[in-house]
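Please read the structure below before turning to the comments.
As the structure lists them, so they are numbered: ligands from 1, and atoms in each ligand from 1.
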Amino acid sequence: MASILLTGGAGYIGSHTYVALTQAGHDVVIIDNFSNAGRGVPGRLARITGAPVTCLEGSVLDAQFLDDVFAKHSFDAVVHFAALKAVGESVEKPLDYIETNGQGLITLLRAMEKASVFRLVFSSSATVYGIPDETPTPETAPRRAINPYGFTKIMGEEVLEQLATNDARWAFGTLRYFNPAGAHSSGLIGEDPGDTPNNLMPYIARVATGDLPQISVFGDDYDTPDGTGVRDYIHVEDLAQGHVLSLDALLRSSQSHLVNLGTGQGYSVLEMLSAYSAACGRDLPYKIAPRRSGDVPIYCAAPEKAKKLLGFEARRTLQDMCSSSWNWVAQRPRGN
Ligand code: WQD
């Protein structure tokens, strides 16, 4: 059992990781500024885990706030989610992304060093691969920043590599997510984008509930089996388990690791639509729309390294992702 600080722990992936970490026996404190998380999430986490939740409101950019939190707790490690993560928004607000994702990480690392906490699991993204030359994409593929969001994740990875290489006190677990999807089996937490969703599954979910009229399929002329974009969707509960395994590895040794978290299986937009229709029990209206700028035909993880290093293997299916998402949105409390 370890004492863990979970930054951004009220967010989509953070909240599911909170559940997985507490169920693995860890003692977890959440910090979150609620810029992209509902204020009702900590209460629902308490219902899922059956125990009180310590969630402190504040920003990873606030050095004094962080020092106060570290002074009150004796953490063994940090799992760091608190960041901005919308590719399109990053193009509009690059400095916001560099400040929050870049400076936020550095401020957090400073607070950790002052408190002699030298283990961190870092939330990275397949976006660091830019437009990959090969798919499935291995961790050895070059990093290419094709948008400010991806740049900030590459910057974060390189900062951690510099620290670990030059200061043996540090060890990091860098996790490159592919496409998180789905919701917790309880239906109490899930993806809850405040405004109109950018990502495919939450958008489909809003059409399934009738909040949006139809799905726009961004291009059907890609070099893929049915012409629509293919992505490696991974159930958010599998993703959360990947964080538990990464943390355990860091607590056992001083070795850093960097792995993809994906399934290795890609699904197209039309396949996702069909799976979601089966989950919600009705055909969902869609139209073929122009390609979205910045999209690539296929993103798919080579998952072997995570299995070899961490024993990680995604278990849940696309149908599990769709049915858990539908179970969540059908009962989701509006607005929190
Ligand atoms: C998936 C597919 C779209 C919406 C993004 C970020 C990435 C990561 C995951 C943070 C694509 C198509 C989508 C729609 C559609 N986030 N689509 N109609 O772009 O693969 O990855 O989220 O780490 O960094 O880039 O995910 O869900 O937006 O798109 O046809 O209304 O669905 O073209 O083929 P993406 P997505």
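- For atom 36 (P) of ligand 1, the choice among T196, D295, V128, N199 with the nearest heavy atom turns out to be N199.
- Counting heavy atoms under 4.0 Å from ligand 1, residue N198 touches it through the backbone alone.
- The shortest N/O to N/O separation between Y203 and ligand 1 does not fall below 3.5 Å.
- Here's the thing with S216: one of its N/O atoms is less than 3.5 angstrom from an N/O atom of ligand 1.
- When atom types are taken as modelled, the side chain of K305 and the backbone of L310 share no donor-acceptor pair closer than 3.5 angstrom.
- The closest approach between Y222 and ligand 1 stays at or above 4.0 Å for every heavy atom of the residue.
- For ligand 1, the polar-atom distance check against L200 finds a nitrogen or oxygen pair separated by under 3.5 Å.
- Under 4.0 angstrom from ligand 1, the non-hydrogen atoms of V269 all belong to its side chain.
- Residue, atom and distance of the protein heavy atom nearest to atom 20 (O) of ligand 1 are R231 NE, 2.6 Å.
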K307 vs E304, salt bridge (Lys or Arg N to Asp or Glu O under 4.0 Å): CA-CA, chis, key distance, verdict: CA-CA 5 Å; K307 182 160 192 234; E304 294 79 8; over 6 Å; no

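- Taking the six-membered ring where the residue is Trp, F178 and Y129 present tilted rings, their angle falling between 30° and 60°.
- Judged by the shortest distance from any of its heavy atoms, V87 lies inside the 4.0 Å radius around the atoms of ligand 1.
- Contact annotation for T127 and ligand 1: only side-chain heavy atoms (C-beta onward) come within less than 4.0 Å of the ligand.
- Residue contact annotation: Y233 has a non-hydrogen atom under 4.0 Å from ligand 1.
- Figure legend: cation-pi geometry between K85 and Y177 absent, as NZ or CZ is not positioned both under 6.0 Å from the six-membered ring centre and within 45° of its axis.
- Near S125, meaning under 4.0 Å from one of its heavy atoms, ligand 1 places the atoms 23 (O), 24 (O).
- Across the listed options Y267, Y177, Y149, Y149 owns the non-hydrogen atom lying nearest to atom 23 (O) of ligand 1.
- A centroid separation of less than 6.0 Å is found between the aromatic rings of F81 and H243.
- In this pair, F118 and W170 present their aromatic rings perpendicular. The plane angle is above 60°, beyond the 30 to 60° band.
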CA sep, side-chain torsions, deciding dist, call: R39, D32, salt bridge (Lys or Arg N to Asp or Glu O under 4.0 Å): CA-CA 10 Å; R39 291 183 180 281; D32 206 304; over 6 Å; no

Salt bridge (Lys or Arg N to Asp or Glu O under 4.0 Å) evaluation trace for E157 with R143: CA-CA 10 Å; E157 289 190 6; R143 291 182 284 221; 2.7 Å; yes

